[in-house]
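First comes the structure, then the notes that go with it.
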Amino acid sequence: MCGIVGYIGHRDAYPIIIKGLQRLEYRGYDSAGIVLFDGKGTKLAKTKGKVEDLIKRSEESISLEGKLGLGHTRWATHGVPNDVNSHPHYSNSGELCIIHNGIIENYESIKTALTKRGYTFKSDTDTEVLINLIEEVKKQEGVKLGKAVQIALNQVVGAYAIAVFDINKPDEIVVAKLGSPLAIGIGENEYFIASDASPFIEYTNNAVYLEDEEMAIIRLGKEIKLRKIKDDAIAYPNILELQLNLEEIEKGGYDHFMLKEIYEQPRAILDTYRGRLLADQGIIRMAGIDQNLERFTNANRIIIVACGTSWHAGLVAEYIFEDLARIPVEVEYASEFRYRNPVITEKDVLIAISQSGETADTLAAIKMAKEKGAFVFGVCNVVGSSIARETHAGAYTHAGPEIGVASTKAFTTQITVLTLIALKLGKANGALSESKFHEYLTQLEGVSAKVEKALESNAIIEEIAAVYKDSPNCLYLGRGYNFPVALEGALKLKEISYIHAEGYPAAEMKHGPIALIDEQMPVVVIATKRGHYEKVVSNIQEIKSRKGKIIAIVFEGDTVVKEIADHVIEVPETIESLSPLLTTIPLQLLSYHIALMRGCNVDQPRNLAKSVTVE
């Protein structure tokens, strides 16, 4: 995953691009680069490291003037993170310049062919191969840049969002997309290009999102010219009015985006069910479900596909759907599902979950399911994203922008949406009685306030974090609805603190992990007074007898676990199916504080990017 930014217009490009790269740095931060054109020639600066390193390099080495520019922040795929492999890349002649998000799978064969024709390469990247292929096509075919880009892209296999310009045509930038997101902001005699709308939100609220296999020629003083890459057919831009506001993508007084986003969860959950959940009327309104209710109620099964944190939300949804709606559910890693030759029929419903709406493996699973005739429903957070456009119907979470790489509010809002769907289906197919349905609606309506209260344990959690910040390993245990929460808690600790952590069903501890437990092993146990409480208490006693250190997440007023555990974190009591919305809060805070105490970069953990748009 990489972040790309471009500008062409009447303003100085440098500050726009640098600020844009800072906002996109969650998409990749192992190297960065910028190229500016001042009407006479290009100025290039790029470096290993973060955008702040690029700023220093740029101010020391190049003139910052120019009304056209491209910028890039990288998450390495081909070639190690270093100055040379950083984008932008020039063609051999120096006349063409490119930035690229994605992966060109057949770059080696193209590189071999170009080498035989006399081309040389300074980097190890697939991107430098692509820009030289474009140059070769332009030269051999005698065509303009836009046509050369189109011909070249028909020869490559992989995924891309690219922006290219020719120093001989300083009023034009050519962009194209397949698999990786690309937005074009439309201003007054100026255009902005970015991986998402955040880099240009203060300049314009009008944007075009390219569809897969579309390219655009952006020229000053002219309307955007859209073409289909495969057949050169004319495409017509759909100009959207953006709903994003600047305050949502700033830290708002918090030290880190992750902490801000943890504390935004009460509002995010409320925003997600606001207008959909009408508890006093006994109604759930969801257009995507209402218009396709029979597809769900007549389905043989629901298949949920997702990756990472979204997969954990899908696991929670499996319990919710089967419990409340009595519909069989299978939860699949999207990355495995697409290669498993799965059995999919027209009687299946596939739910695809993704925060960004751009996850490559999940998109591939969607396309496979559609080809097999399944009905595909999307759950994502980003309006206008690829998953929102590729699915038959869907529901947005209303988490607002999530900048921290370790997902927090996306997880809880995804569970909220999936709970609404399960309740609606359970009511429709008779699995839920009228009284149970109303009870669930009332409980869900009150959960936002309970999440707010759960956040009040922050000071206690910080004290616990100080005790275990140097532990090399940690075990997370949960049962039923809270088994996926244990997986998610372990993932958070791994992602941002680099402590090895594993999540397990509590009963499975005896089948292997118990061998690891000694006085050095902290064990986080979710032990709410719902479901299999007595069984979990027995698991805690087994840990205690082997001198393990127990951090327990319990409902308020618990006395049994409090007598056994070394540390107890209380959350408000709720019904079992909603408990993951509360029990996950202390696990997020625990990971945050441990990572902070270990000196880790909380918002930008090493080797990770926010959204994975390549395999």
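Numbering starts at 1 and runs along the sequence shown.
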>> Angle between ring planes, H72 versus H87, binned at 30° and 60°: parallel, tilted or perpendicular?
In response: parallel
> Going from CE on M368 to CZ on R340, what distance comes out if it is rounded to the nearest 0.5 angstrom?
Replying inline: 9.0 Å
> Step by step, would you call L70 with I34 a side-chain contact (heavy atoms from CB on, under 4.5 Å)?
Replying inline: CA-CA 6 Å; L70 302 176; I34 189 170; over 6 Å; no
> Would a line drawn from the ring center of F200 to the ring center of Y7 be shorter than 6.0 Å?
Replying inline: no
>> Quick check: do L36 and E65 have side-chain heavy atoms less than 4.5 Å from each other?
In response: no
>> Does the plane of the ring in Y203 sit parallel, tilted or perpendicular to the ring in F192? Use 30° and 60° as the thresholds.
In response: parallel
> Between H100 and Y160, is the gap from one ring center to the other below 6.0 Å?
Replying inline: no
>> The test is salt bridge (charged side-chain N to carboxylate O under 4.0 Å, His left out); show your working for E202 and R23 and say whether it passes.
In response: CA-CA 12 Å; E202 65 259 59; R23 290 179 184 165; 2.6 Å; yes
> Quick one: do E213 and K228 make a salt bridge, cutoff under 4.0 Å?
Replying inline: no
> Would you say the side chain of F377 lies within less than 4.5 Å of the side chain of N292, judging by non-hydrogen atoms?
Replying inline: no
> Which is it for K67 and I8 under the side-chain contact (heavy atoms from CB on, under 4.5 Å) test, yes or no, and what are the steps along the way?
Replying inline: CA-CA 6 Å; K67 308 297 184 185; I8 183 169; over 6 Å; no
> Would E358 and S385 count as having a side-chain donor-acceptor pair, cut-off 3.5 Å?
Replying inline: no
> Under a 4.0 Å N-O cut-off, is there an ion pair linking K260 with E264?
Replying inline: yes
> Quick one: do E135 and K138 make a salt bridge, cutoff under 4.0 Å?
Replying inline: no
> Is a donor on one side and an acceptor on the other found under 3.5 Å between the side chain of S310 and the backbone of A306?
Replying inline: no
> Tell me, do D196 and L24 make a side-chain contact under 4.5 Å, heavy atoms counted?
Replying inline: yes
> Can you tell if the side chain of P181 reaches within under 4.5 Å of the side chain of Y209, non-hydrogen atoms only?
Replying inline: no
> Crowded around N168 CG? As in, over 12 foreign heavy atoms under 6.0 Å?
Replying inline: yes
>> Please evaluate residues K111 and E108 with respect to the criterion salt bridge (charged side-chain N to carboxylate O under 4.0 Å, His left out), reporting the C-alpha separation (whole Å), side-chain torsions for both, the decisive distance (0.1 Å), and the verdict.
In response: CA-CA 5 Å; K111 185 175 184 178; E108 286 186 353; over 6 Å; no
> Would you find a donor on one side and an acceptor on the other, under 3.5 Å apart, between the side chain of K424 and the backbone of R285?
Replying inline: no
> Side-chain contact, heavy-atom cut-off 4.5 Å: R301 with I327?
Replying inline: no
> Does a donor on one side chain and an acceptor on the other come within less than 3.5 Å for K147 and Q150?
Replying inline: yes
> Heavy-atom distance under 4.5 Å between the side chains of T345 and K372, does that happen here?
Replying inline: no
> What is the distance from atom CD1 of I193 to atom CD1 of I184, rounded to the nearest 0.5 Å?
Replying inline: 6.5 Å
>> Return the CZ to OH distance between F121 and Y107, rounded to the nearest 0.5 Å.
In response: 11.0 Å
>> Under 4.0 Å between a side-chain nitrogen and a carboxylate oxygen: does that hold for D212 and K230?
In response: no
> To the nearest 0.5 Å, how far apart are CD in E214 and NZ in K177?
Replying inline: 8.5 Å
>> Apply side-chain contact (heavy atoms from CB on, under 4.5 Å) to residues L133 and V156 and explain how you reach the verdict.
In response: CA-CA 10 Å; L133 175 62; V156 304; 3.9 Å; yes
> Which heavy atom in S123 sits nearest to a heavy atom in T125, and how many Å separate them?
Replying inline: OG-OG1, 2.8 Å
> Taking C-beta and beyond as the side chain, do L220 and L68 meet within less than 4.5 Å on heavy atoms?
Replying inline: no
>> Quick check on side-chain hydrogen bond (donor to acceptor under 3.5 Å, both in side chains): which of Q414, E402, E261 does S407 satisfy it with?
In response: E402
> Can we say R267 and D271 salt-bridge, meaning some charged N sits less than 4.0 Å from an Asp/Glu carboxylate O?
Replying inline: yes
> Where do I387 and L363 land on the side-chain contact (heavy atoms from CB on, under 4.5 Å) test, with the steps shown first?
Replying inline: CA-CA 6 Å; I387 285 176; L363 277 164; 3.6 Å; yes
>> Can you see whether Q355 engages T309 through a side-chain donor-acceptor pair at a distance of less than 3.5 angstrom?
In response: no
>> Quick check for you: to the nearest 0.5 Å, what is the distance between I353 atom CD1 and I304 atom CD1?
In response: 5.0 Å
>> Using side chain to side chain donor-acceptor pair (under 3.5 Å), reason through Y90 and T42 one step at a time and then give a plain yes or no.
In response: CA-CA 10 Å; Y90 286 123; T42 60; 2.6 Å; yes
>> Side chains of L114 and E136, heavy atoms from C-beta outward: is any pair under 4.5 Å?
In response: yes
> CG/D290 to CD1/I284 distance, rounded to the nearest 0.5 angstrom?
Replying inline: 10.0 Å
> Can you find a side-chain donor-acceptor pair between T397 and N381 that sits under 3.5 Å?
Replying inline: yes
